[in-house]
Amino acid sequence: MLAAHAMTPDGILYSLKAGARSIEHGTAANDECLDLFVAKGAFWVPTLTVLDYVAEGRAKLGSTSYLEMFQGVKPQFRKALQKGVKIAFGTDAGGFDWQKIPQAREFSFYVNYGMTPMQAIQSATTVAADLLDKRGQLGEISKGAFADIIAVDGDPLQKIEVMEKVVFVMKDGKVEKQ
Ligand SMILES: [Zn+2]
């Protein structure tokens, strides 16, 4: 299984043609890229939280290229949803300080960019499980699946930001946080 870390259209196209199952970032994906995602059944992992973070930081240092990419990704994200591109949740582990910015901020970006709250949650559960070829084991509460369960303080279908307030964690059937 191949995951490619690519941002430009050329990088994305080369990676998808080479058989990448997922593209991490994929920030400058153009229409040709989106169509190839669909044709290949590949997954886009847009990592919008880290892009926002990096764009802001680099803009302060005088480089606006990330800011431009960040502004360009919103319409492409909407188009990807319309075209049926599979979008999986990802954070680019290590790209920002998790003590300061919760990784779950990513959910809010997806909803602000056109997903329903349920689609956003599925991007991190069933769709992510599909990407890893672990459907039936990860990302769902069902017989035979790992008992990895969280609870949040509120109804995320009403207010997606509550995904950032995890109040209960069960890992492999064992309560880790209550
Ligand atoms: Zn990265």
Side-chain angles (χ1 to χ4, degrees), residues 1-81 83-115 119-135 138-139 148 150 160-161 163-164 166:
M1 203 180 283
L2 172 66
H5 188 266
M7 299 189 87
T8 65
D10 281 348
I12 296 163
L13 292 171
Y14 290 143
S15 302
L16 289 174
K17 284 174 188 167
R21 187 170 171 87
S22 71
I23 302 291
E24 317 304 306
H25 302 309
T27 314
N30 59 19
D31 291 4
E32 190 185 355
C33 296
L34 297 181
D35 289 337
L36 195 57
F37 270 110
V38 175
K40 293 279 192 181
F43 295 73
W44 182 18
V45 185
T47 65
L48 299 178
T49 314
V50 71
L51 183 67
D52 178 44
Y53 173 79
V54 171
E56 207 172 281
R58 293 199 184 170
K60 279 179 197 155
L61 298 173
S63 166
T64 58
S65 58
Y66 273 72
L67 211 52
E68 284 159 27
M69 261 197 290
F70 187 57
Q71 282 155 359
V73 80
K74 190 170 189 173
Q76 289 311 97
F77 189 95
R78 286 186 185 281
K79 217 180 266 182
L81 288 174
K83 287 176 182 284
V85 175
K86 292 185 279 191
I87 296 177
F89 187 106
T91 61
D92 195 39
F96 55 89
D97 185 347
W98 296 345
Q99 305 292 332
K100 293 183 182 138
I101 302 171
Q103 294 153 276
R105 180 74 39 89
E106 190 78 8
F107 287 108
S108 297
F109 279 105
Y110 293 174
V111 171
N112 288 333
Y113 281 35
M115 277 189 184
Q119 278 179 306
I121 292 168
Q122 287 168 338
S123 77
T125 52
T126 51
V127 177
D130 265 344
L131 164 53
L132 299 171
D133 205 13
K134 296 281 185 191
R135 198 71 187 256
L138 301 177
D148 294 344
I150 63 158
I160 195 66
E161 289 81 5
M163 293 301 285
E164 296 173 27
V166 176

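Being a predicted model, the structure only gives us computed values, none of them experimental. Indexing begins at 1, ligand by ligand and atom by atom, following the structure's order.
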Query - Note, Asp97 side chain near Tyr53 side chain (heavy atom, < 4.5 Å) - result: no

Query raised in the report: Just wondering, is there an N, O or S atom on Glu24 that's nearer than 2.8 Å to the Zn ion (ligand 1)?
Result: no

Report task. State, yes or no, whether a side-chain contact exists between His5 and Asp92 at a heavy-atom distance under 4.5 Å. Result -> yes

Query raised in the report: Are Val127 and Phe89 close enough that some pair of their side-chain heavy atoms sits under 4.5 Å apart?
Result: no

Query raised in the report: What angle, to the nearest 10°, do the atoms NE2 (His5) and NE2 (His25) form about the Zn ion (ligand 1)?
Result: 90°

Report task. Tell me which N, O or S atom of Asp92 sits nearest to the Zn ion (ligand 1). Result -> OD1

Query - Test item: Arg21 and Leu131 side chains (from C-beta on) under 4.5 Å apart, heavy atoms - result: yes

